[in-house]
Amino acid sequence: MTEWVYEIRTIRPTWETQSAARPPDAIEIIHAYLNGVGEQGWELVGFLPSAWTEESAENPVNPLILHTVFKRPKLG
C-alpha cells in the first residue's frame, strides 16, 4: 500500500520584475507554479480560493490566491 506525504501551500500569483517587458498574467503564473511542483512529483489533490487571510483584515481579498493541498508518494 502506498504511503503519502501531504503538503499545504498558498499560491499568490504575483510577479516582481525590473524589466519593461509585459509580466505574465495571474493564470500564467499559477500554471507555471503547478507545472513546477508537478515536476517535483507533487499531485494537486484539492484547493480553496482565498476567502480570508490575516492580510485580508486590512486588504481586500484576492480571489486568485489559492490554498492548495498536494500529495506525493512517501520516499523510503
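Note: hydrogens, waters and symmetry copies are ignored here, and every other heavy atom, side chains too, is used.
For Phe47, the CZ atom is loosely surrounded, since the number of other residues' heavy atoms within 6.0 Å does not exceed 12.
How far CZ of Arg12 is from CG of Leu66: 10.5 Å, rounded to the nearest 0.5 Å. Here CD1 of Ile65 is found 13.0 Å from CG of Leu48. Values are rounded to the nearest 0.5 Å. Here the straight-line distance linking atom OH of Tyr33 with atom CD1 of Ile11 works out to 5.5 Å at 0.5 Å rounding.
Distance alone, capped at 3.5 Å, is enough to place a donor-acceptor pair between the Thr68 side chain and the Arg9 backbone. With hydrogens and angles ignored, the 3.5 Å screen pairs no side-chain donor or acceptor of Glu39 with any backbone N or O of Gly36.
Cluster annotation: Ile30 is connected to Leu44 through the hydrophobic network of ILVMFWY side chains, with a link wherever side-chain heavy atoms come within less than 4.5 Å. When the side chains of ILVMFWY residues are joined at heavy-atom separations under 4.5 Å, either directly or via intervening members, Val69 and Trp4 end up in a single hydrophobic cluster.
Proximity of Val37 to Phe70: side-chain heavy atoms (C-beta onward) are separated by under 4.5 Å at one or more points.
Looking only at atom types and distance, the side chain of Tyr6 has no donor-acceptor partner in the side chain of Arg72 under 3.5 Å away.
Closest heavy-atom contact between Trp42 and Val5: CZ3-O, 3.5 Å.
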